[in-house]
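The residues of the chain are indexed from 1 along the displayed sequence.
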Amino acid sequence: MSVNRIKSLAGITIPDSAIATQATELLLEHGTEFIYNHSLRVFLFSSLNGKRVNLQYDAELLYVSSVFHDLGLTPHYSSPDKRFEVDGANAARDFLKSHGLPGESLQLVWDTIALHTTIGIAEHKEAEVALMYSGVGLDVMGEGYEHLSPENREEIIAAFPRSGFKQSIIPTFFSGFEHKTDTTFGNIKADVCAYMLPDFKRKNFCDCILHSPWSE
């Protein structure tokens, strides 16, 4: 995949450190143009949200988290039995560990990726976790769209096109966990399975309680 490396967009500097560059290379190698554009938009939207509320955060760690956040959907990083968010988080942690980053940075990036679809929790955690959750929500569901200026929106979309995003993102999600639909139990990706599979039967938490081995 050939892409144009952009250093700054919408007033946001895109990290180009050795770690950031190598993370981008992994995204280009194992991802798709669709996931690449989405991931870069997520970083930019997350950063703009941080700038808007004057929130301090580590731009490099947020960038690496954005780059890896959907790589768990790709064949290279997908496990047979873990949530795709966990696969991406594990991959990012291994990557950063190989660069000698401290444990607290590894854990922060792991949480940022693993929780990026977890409604009601991610937004209350550290800045990087909350910001990427907001960036994903903006790109996927339009959450906070009203805070994005037309100028910034047009500049970002011109550089990293959505290219039929609304029609493509659900099948893209599904392709990453269609071999392990049980991993969507208790999270919003079960909605994706129900949309893509007419006969999909969700696992039910109440059934888990009532059909447990306990007698009472």
Side-chain angles (χ1 to χ4, degrees), residues 9-15 20 23 27 35 37-73 82-93 96 101-150 152-153 156-157 160 162 165-166 169-170 172-173 176-177 183-195 202 205:
L9 201 66
I12 301 297
T13 298
I14 299 176
L27 175 58
I35 291 177
N37 286 336
H38 166 58
S39 299
L40 270 291
R41 291 195 307 270
V42 164
F43 169 73
L44 291 164
F45 292 153
S46 300
S47 300
L48 285 171
N49 283 338
K51 185 177 182 180
R52 177 173 56 84
V53 299
N54 197 28
L55 192 61
Q56 298 299 310
Y57 63 94
D58 187 310
E60 183 179 63
L61 294 185
L62 180 62
Y63 181 78
V64 172
S65 298
S66 300
V67 164
F68 274 91
H69 89 279
D70 272 349
L71 278 178
L73 295 170
K82 296 181 183 68
R83 285 179 58 161
F84 86 89
E85 300 96 330
V86 171
D87 288 335
N90 287 344
R93 181 173 59 192
L96 292 176
L101 268 68
E104 55 267 28
S105 296
L106 303 182
Q107 188 62 57
L108 179 59
V109 168
W110 195 94
D111 286 351
T112 300
I113 298 171
L115 296 173
H116 80 265
T117 63
T118 305
I119 297 170
I121 294 179
E123 61 264 45
H124 301 293
K125 284 183 62 64
E126 296 87 350
E128 293 79 7
V129 182
L131 286 177
M132 200 178 74
Y133 173 79
S134 75
V136 170
L138 175 52
D139 198 45
V140 176
M141 299 180 291
E143 293 183 345
Y145 186 87
E146 67 278 9
H147 299 304
L148 185 63
S149 73
N152 285 343
R153 182 175 65 247
I156 291 169
I157 298 306
F160 305 108
R162 285 177 65 84
F165 185 84
K166 276 187 171 183
I169 187 59
I170 296 175
T172 296
F173 281 143
F177 47 75
T183 63
T184 66
F185 172 52
N187 68 79
I188 59 174
K189 290 303 184 285
D191 294 341
V192 173
C193 294
Y195 181 87
R202 299 169 187 261
F205 174 59

Nearest heavy atoms of Ala122 and Val129, plus distance in Å
O-CG1, 3.7 Å

Does the ring centre of Phe84 sit less than 6.0 Å away from the ring centre of His116?
yes

Nearest heavy-atom contact between Gln56 and Ala127 is O-CB, 3.3 Å

Closer than 3.5 angstrom, by distance alone: can the side chain of Glu128 be matched with the main-chain N or O of Thr112 as a donor-acceptor pair?
no

Taking all non-hydrogen atoms of both residues, which atom of Asn49 and which atom of Gly135 are closest, and how far apart?
ND2-N, 4.2 Å

Exercise: identify the closest heavy-atom pair between Ser46 and Met132
OG-CA, 3.3 Å

Distance col, row Thr117:OG1 vs Ile188:CD1, nearest 0.5 angstrom, shows 5.0 Å

Report yes if the side chains of Asp70 and Thr172 come closer than 4.5 Å at any heavy-atom pair, otherwise no.
no

Let me check something: any side-chain donor-acceptor pairs from residues 138-148 under 3.5 Å, sequence neighbours excluded? List them with distances.
{"residue": "Asp139", "atom": "OD1", "partner": "Arg41", "partner atom": "NE", "Å": "2.8"}
{"residue": "Asp139", "atom": "OD1", "partner": "Arg162", "partner atom": "NH1", "Å": "2.9"}
{"residue": "Asp139", "atom": "OD2", "partner": "His38", "partner atom": "ND1", "Å": "2.6"}
{"residue": "Asp139", "atom": "OD2", "partner": "Arg41", "partner atom": "NE", "Å": "3.2"}
{"residue": "Asp139", "atom": "OD2", "partner": "Arg41", "partner atom": "NH2", "Å": "2.9"}
{"residue": "Tyr145", "atom": "OH", "partner": "Arg153", "partner atom": "NE", "Å": "3.1"}

Considering only heavy atoms from C-beta outward, does the side chain of Phe165 approach that of Asn37 to under 4.5 Å?
no

Close side-chain approach of Phe177 and Lys189, heavy atoms under 4.5 Å:
yes

Side chain to side chain, Leu48 and Asn152, heavy atoms closer than 4.5 Å:
yes

Is the backbone N or O of Asn187 less than 3.5 Å from a side-chain atom of Asp191, with the two atoms forming a donor-acceptor pair by type?
no

Answer yes or no: is there a side-chain heavy-atom contact under 4.5 Å between Leu62 and Ser47?
yes

List the atom of Ala20, the atom of Pro15, and the distance in Å for their closest heavy-atom pair.
CB-O, 3.6 Å

Roughly how far, to the nearest 0.5 Å, is CG of Asp111 from CD1 of Ile121?
11.0 Å

Can you measure from CZ (Arg93) to CD (Gln107) and round to the nearest 0.5 angstrom?
7.0 Å

Measure the OG-CZ distance between Ser39 and Phe160 for me, rounded to the nearest 0.5 Å.
10.5 Å

Okay, side chain of Ser66, backbone of Val42: is any donor-acceptor separation there less than 3.5 Å?
no

Walk me through it: do Leu27 and Phe68 pass the test side-chain contact (heavy atoms from CB on, under 4.5 Å)?
CA-CA 7 Å; Leu27 175 58; Phe68 274 91; over 6 Å; no

Show your reasoning for whether side-chain contact (heavy atoms from CB on, under 4.5 Å) applies to Val109 and Leu96.
CA-CA 9 Å; Val109 168; Leu96 292 176; 3.5 Å; yes

Enter the distance from Leu71:CG to Asp87:CG here, rounded to the nearest 0.5 Å.
10.5 Å

Using 0.5 Å steps for rounding, measure from the CD1 atom of Ile156 to the CG atom of Leu44.
4.5 Å

Minimum side-chain heavy-atom gap Leu61-Leu108 below 4.5 Å:
yes

For residues Leu73 and Phe173, determine if any side-chain heavy atom of one lies less than 4.5 Å from a side-chain heavy atom of the other.
yes

Taking the side chain as every heavy atom from C-beta outward, state whether Ile12 and Lys51 have any atom pair closer than 4.5 Å.
yes

Of all pairs that satisfy ring-ring contact (aromatic ring centres under 6.0 Å, His included), the ones with a partner from residues 44-66, not counting sequence neighbours
Phe43-Tyr63

